Amino acid sequence: MLAGAFWASWAARVAAHEGDADTILFNGRLITMDDGRPRASAMAIKAGRILAVGGDEVKSLSGTGTRLVDLKGACVVPGFIDCHNHPIGEVLLYEVLVGNPFEVEFVTIQSIIDKLKAKAAQTPPGYWVEGYFHDDTKLKDGRQLTVDDLDRISTSHPVMVRHRGGHTVFVNSHALKLAGITRDTPNPPGGTFDRLPDGRLSGRITDNAIDLVEEKGQRPSFDAAEKAKRARAGIAHISAAFSRYGLTTVHHQGGDLAAIQDVRAAGQLTHRVSYEARGAFLDQMVAAGLKTGFGDDWIRLGATAEHTADGSFSERTMALSTPYEGRTPPYYGNITEPQDVLDAWVEKMVRAGIQPNIHANGDVTIGMALTAFERALAKVPVKDLRPKITHCTLVNESLLKRMAAIGAVPAPFTSYAYYNSDKFGFYGADRMAHAMAFRDFLDHGIKVCAGSDFFPGPFAPLMGIQGMVTRTGWNGETWGANQRVSVLEAIRINTLNGAWAAKEEASKGSLTAGKLADYVVLAEDPTAIAPDRIKDIRIIETVVDGRSQYRA
């Protein structure tokens, strides 16, 4: 109440001394995520920030130049924040898509063959022919792609179909031959060359084994100008897509930072960027002394990009303490980096003032990540580090207690509960009761945030919220019902907790006076309808910085 009185007084002073509100929304249903005033009906905006939130009294901040917006009962929520996203706009624009990036859609193996045959007809022999956004459980054929399927596309081109999960690929015989891979080639550490029942190579390759094939063959090369043009086009394209789905802040896993800045300068960046660096750029950050938080409200250096320590949930390669069912010899998934290397990397990031972020899906690897964080903090006792665990899929009581003790921030899959329910059977009911464990995280006081992991999963926040609330997938199956959260909790995870994950809770994540005017107008209140309709709520408008970035 005291905070509300303070901000009301502040808003009145601003309106009196610096002019009236630019915009006032009224007659709406505002879900604020501000515990001081959880619900409201009106909001005033001035110079890209929220001036006041409340009821009819907010209209007193209007003047001759104020734009009045009658919401007519529509719902307003804080802008959605995606804390783990691979914004591959260039792929969406320029590559062959063999699956649907955004929705549940089943395709046939023949459709994949036909699309890539057409690509091969336009591609010189010896150059790669590649397909993107393949989902192995979204095939009408009811079986996996094989080397025999891909050999039908071409015998003079290496062919690769990339699983949207990012940890497996499917290749033809020509690709295997170029790489010198035979049925006698041993699996490298942290990866596999899978085989058919008759012992032949199946064409499916996982994790650390992929590089051995991918580095062979030829790909088109572009000069610097064309690369920059494509990068800018890709960022502008996916930024517009984010706005259509209500995203106002996205944590980018690497990418072309110069292109992001160019798109912003051109007025085409419609979302805020928390840039998560990797590779050479991350090394340059350390060398230059650039720390997490450097930048402004539109583009800011965030945590590191996910530092991969194990395989994939959706592709069944994450590192588990018990073996996968039906695999002979016993298979426990792929650990892609040993503990000592992980420890050294985390310590280096902590000493540099950069928020570490580890990709860990399985319980084994989550434990390794926590060990690395704990050891680094013992040597460098940083306050409020908020180390990030991307995916953090399969947990147990011991892991949850360790996470709470150091303030770790998990970013589990959100849209998976709806989109990938057809994969949960591979893990079984017992494991799924502890997977994507939003309820357990909240109950342990852990500020869990939302990570769509696009391109592996769709990035639609409303799809994610529905799955978190119902734990029921597109196929009607419910898994891990004990991990359900309420609609309001799901919204908080996708807004205020997302701001917390990047240490931006003072400026975004709730509809609070003084914060950035980032919000989404929804045609219906998610708390007032059947939970299984949430994903289909129409987004009327997405607003960033007080400016409309998308309007239906």
Side-chain angles (χ1 to χ4, degrees), residues 81-86 163-168 190 206-207 250-254 276 278 302-321 324 332-337 342 346 355-373 386-396 399-400 402-403 408-421 423-424 426-427 431-432 434-441 446-459 464 467-468 471 479-480 483 493-494 497-498 501-502:
I81 299 173
D82 188 340
C83 291
H84 183 70
N85 194 295
H86 304 263
H163 195 290
R164 69 177 301 162
H167 290 254
T168 59
T206 73
D207 289 308
V250 176
H251 293 199
H252 283 228
Q253 296 301 289
E276 300 194 336
R278 58 165 29 113
T304 69
E306 57 177 330
H307 189 83
T308 303
D310 75 345
S312 162
F313 168 83
S314 65
E315 296 153 280
R316 286 83 72 193
T317 68
M318 69 181 187
L320 302 176
S321 56
Y324 285 81
Y332 292 82
N334 299 333
I335 295 174
T336 58
E337 185 162 280
L342 196 61
V346 170
Q355 186 182 4
N357 174 14
I358 295 176
H359 161 119
N361 267 300
D363 55 344
V364 170
T365 334
I366 295 168
M368 292 173 62
L370 290 169
T371 295
F373 295 151
R386 304 187 197 180
K388 191 172 175 181
I389 305 178
T390 288
H391 310 322
C392 202
T393 303
L394 183 65
V395 297
N396 54 47
L399 295 175
L400 290 164
R402 291 170 67 189
M403 291 175 66
V409 181
F413 304 112
T414 50
S415 61
Y416 272 30
Y418 179 82
Y419 177 83
N420 267 331
S421 56
K423 298 179 176 64
F424 296 169
F426 292 111
Y427 293 98
R431 283 198 184 114
M432 289 310 302
H434 304 283
M436 301 162 215
F438 289 101
R439 178 79 271 148
D440 283 348
F441 290 132
I446 296 167
K447 291 188 184 298
V448 57
C449 61
S452 71
D453 198 30
F454 184 81
F455 48 96
F459 56 67
M468 294 160 67
R471 296 289 288 207
W479 295 86
Q483 296 297 343
I493 289 166
N494 281 268
N497 285 13

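What you see is a predicted model, and the numbers here were worked out from it, not measured in a lab.
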Go through the steps to decide whether N361 and L394 satisfy the test side-chain contact (heavy atoms from CB on, under 4.5 Å), and finish with yes or no. CA-CA 6 Å; N361 267 300; L394 183 65; over 6 Å; no
In sequence, state the C-alpha distance, the side-chain angles, and the governing distance for H86 and E306, and then conclude on side chain to side chain donor-acceptor pair (under 3.5 Å). CA-CA 10 Å; H86 304 263; E306 57 177 330; 3.0 Å; yes
Stepwise, does the side-chain contact (heavy atoms from CB on, under 4.5 Å) test hold for M403 with C392? CA-CA 11 Å; M403 291 175 66; C392 202; 3.7 Å; yes
Would H251 and N357 count as a side-chain contact (heavy atoms from CB on, under 4.5 Å) here? Give the steps. CA-CA 12 Å; H251 293 199; N357 174 14; over 6 Å; no
Determine, stepwise, if the pair L320 / R431 fulfils side-chain contact (heavy atoms from CB on, under 4.5 Å). CA-CA 10 Å; L320 302 176; R431 283 198 184 114; 3.7 Å; yes
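Scanning both residues, Y419 and P456, for their nearest heavy atoms gives CE2-O, 4.4 Å. Counting all heavy atoms, side chain and backbone alike, V395 lies closest to A437 at CG2-CB, 3.7 Å. Heavy-atom minimum distance, A319 versus T365: CB-OG1, 3.2 Å. Nearest heavy atom pair, residue Y332 against residue S321, reads CE2-O, 3.8 Å. When all heavy atoms of S421 and W479 are compared, the pair lying nearest together is O-NE1, 3.8 Å. Nearest heavy-atom pair, K388 versus A303, reported as atom, atom and distance to 0.1 Å: CD-CB, 4.4 Å.
Looking only at distances, a side-chain donor or acceptor of D310 sits under 3.5 Å from a matching main-chain atom of G362. Between the side chain of Q483 and the backbone N or O of D440, at least one donor-acceptor pair lies under 3.5 Å. H167 places no side-chain N or O within 3.5 Å of a backbone atom of R316 that could act as its donor or acceptor partner. With N494 contributing its side chain and A450 its backbone, the two residues share no donor-acceptor pair below 3.5 Å. T336 places a side-chain N or O within donor-acceptor distance of the main-chain N or O of A309, the cut-off being under 3.5 Å. The main-chain N or O of A501 is never found under 3.5 Å from a side-chain atom of R386 such that the two would form a donor-acceptor pair. Listed for the E276 side chain is no donor-acceptor partner under 3.5 Å among the backbone atoms of H84. For T168 (side chain) and E315 (main-chain N/O), no donor-acceptor pair under 3.5 Å exists by modelled atom type.
Put simply, the side chain of C449 reaches to within 4.5 Å of the side chain of V409, judged on heavy atoms. Using a 4.5 Å cut-off on side-chain heavy atoms (C-beta onward), F424 and R471 make no contact. Using a 4.5 Å heavy-atom cutoff, the side chains of T390 and D453 are not in contact.
Remark: I446 CD1 to L399 CG distance equals 9.5 Å, nearest 0.5 Å. Considering CD of Q253 and OG1 of T304, their distance stands at 8.0 Å, rounded to 0.5 Å. Atom OG1 of residue T393 and atom CE of residue M432 lie 8.5 Å apart, to the nearest 0.5 angstrom. The distance from the CZ atom of F441 to the CG atom of N497 is 12.0 Å, given to the nearest 0.5 Å. Taking CZ of F454 as the reference point, atom OG1 of T414 lies at 12.5 Å (rounded to 0.5 Å). Atom NE2 of H391 and atom CZ of F413 lie 4.5 Å apart (nearest 0.5 Å).
Using bins of under 30°, 30° to 60° and over 60° for the plane-to-plane angle, the ring pair F313/Y416 lands in the tilted bin.
Scored by the side-chain contact (heavy atoms from CB on, under 4.5 Å) test, A417 finds no partners at all (sequence neighbours excluded). Every side chain to side chain donor-acceptor pair (under 3.5 Å) that R439 has, sequence neighbours left out, goes to D443, E489. Residues that satisfy the side-chain contact (heavy atoms from CB on, under 4.5 Å) test with S415, not counting sequence neighbours, are P458, M463.
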